[in-house]
Amino acid sequence: MRKIWTRWIDKPFALPLTLMGFILAVSAVGFVYYESLTQQEPVGFFEGLWWAVVTLFTVGYGDFAPKTVPGRILGMGVMAAGIGLVSTITGSLASAMVERRLKKRRGLLPVIVEGHILILGWNGHGSLLLERLRNMPGFTRLPVVIAADMEPAQYEEVSENLGLGSDSYFVRGSTVHKAVQERANPSKAKVAYILPREDIPPEEADSLSVLTALTFRSLAPQVTLYAEALHDQSREHLLRAGVTKALGREELTGKAMAFLAAHPVMHDVLYALLSSKDNGMLRYRTLSAEEKSHGWPAVIRTSLEKTGQLPFAVCRLPRELKLSDVLDTSQALDSYIMELFQAAGKDAALASQSPQVVLNPGPEVDLATFDGVIFLGRTP
């Protein structure tokens, strides 16, 4: 109770509201005491409270009016107090609203949103990343939360240039700090990205990204987290910190340049695959049970006949390997081991299985163990 009172009294309008409640209660009791025998109608506490509220806010309905001298003196006191209290409360509420708006603009308020895209940190690739994401199916209408140590004016410029509108939120501060990430509601995010800073040495930027990943995983262990590494050797550290996938800028650039060396037209091929003009040419869908049983040639043939889309890879999604996946509970020993784990209240998870992609699998590949297919969408 004391804790609740302490929180309440710290609010800017708490004292005026408390004083108003006290005046209304005392005035109601006083009106009943002095005027209960002078009114035509029966007067109880509720009638006294009604008179006190009407008098305090200077409405003056006139259904109840004091007729005794003490009652009239009480009424004059309530009216005088009302002029000051109402203006004080109105000013306090207006001040609190303005202060809250300023804190929101500065990125100092917690974000109340779910299913959002969370960007931790900011660099020159941030705008392009958000632009591509907002053009992808399933991400177009998702809210965006940017948590970064940047100026509010820079965030407003980014939001305006990308047309994020009211679906974007800003959290200001260093993302390595738990308190900053908590304001971004990471556990409710759909997907999160860590972007390294570019205004500091690459080694230091990657170290901060590792700390950001560790903080994020302590708050949101199940959310998919991607990170960009300025140095390829930092990818391993990011993966150990809990990042789902770490992309090396050096590696991606090197592989892209090598890909272009095969033929000059490869530049146009790579650009067409990654272009956001058509919401991205590379797409994913779940493999049906029928497709898994028929095999890869049937998947290609059926897809081309029905939609004109060209499948070119199958994949397994990341999942947690559990004890039940490797034990046969029909066997007495394996069943006993499972019972021991359950009785001890231990998690039966063994490890995380990384995603796997197989490009153009042949007819000999069993699709039963795969989850989805990656295909090329058609250009309209």
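Note that the coordinates shown come from a computational prediction; the quantities given were computed from them, not determined experimentally.
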Within this structure, what is the CD-CG distance for the pair E198 and N123, rounded to the nearest 0.5 Å?
4.0 Å
Evaluate Y169 against S159 for side chain to side chain contact (heavy atoms under 4.5 Å, CB included), listing each step before the verdict.
CA-CA 9 Å; Y169 304 86; S159 179; over 6 Å; no
Just by modelled atom types, is the L162 backbone N or O under 3.5 Å from a matching donor or acceptor in the E131 side chain?
no
Would you call L247 and Y193 a side-chain contact if the rule is heavy atoms closer than 4.5 Å?
no
Taking NZ in K190 as the centre, count heavy atoms belonging to other residues, nucleotides or ligands within less than 6.0 Å. Is the count above 12?
no
F216 side chain reached by I194 side chain, heavy atoms, under 4.5 Å:
no
How about T224 and T244: does a side-chain donor come under 3.5 Å of a side-chain acceptor?
no
Does Q181 reach the side chain of T212, with side-chain heavy atoms less than 4.5 Å apart?
yes
Heavy-atom closest pair, residues V32 and G44
CG2-O, 3.1 Å
Looking at side-chain heavy atoms only, is the closest gap between L164 and R134 below 4.5 Å?
yes
Classify the angle between the aromatic ring planes of F64 and F31 as parallel (below 30°), tilted (30 to 60°) or perpendicular (above 60°).
perpendicular
Could you tell me if the side chain of H237 sits less than 4.5 Å from the side chain of D206, heavy atoms only?
no
Within a strict 4.5 Å, meaning less than it, do heavy atoms of the S187 and L219 side chains meet?
no
Student check: side-chain heavy atoms of M20 and L56 closer than 4.5 Å
yes
Enclosure of E364 CD (heavy-atom neighbours >12, cutoff 6.0 Å):
yes
Go through the steps to decide whether E160 and E156 satisfy the test side chain to side chain contact (heavy atoms under 4.5 Å, CB included), and finish with yes or no.
CA-CA 6 Å; E160 182 179 353; E156 291 176 357; over 6 Å; no
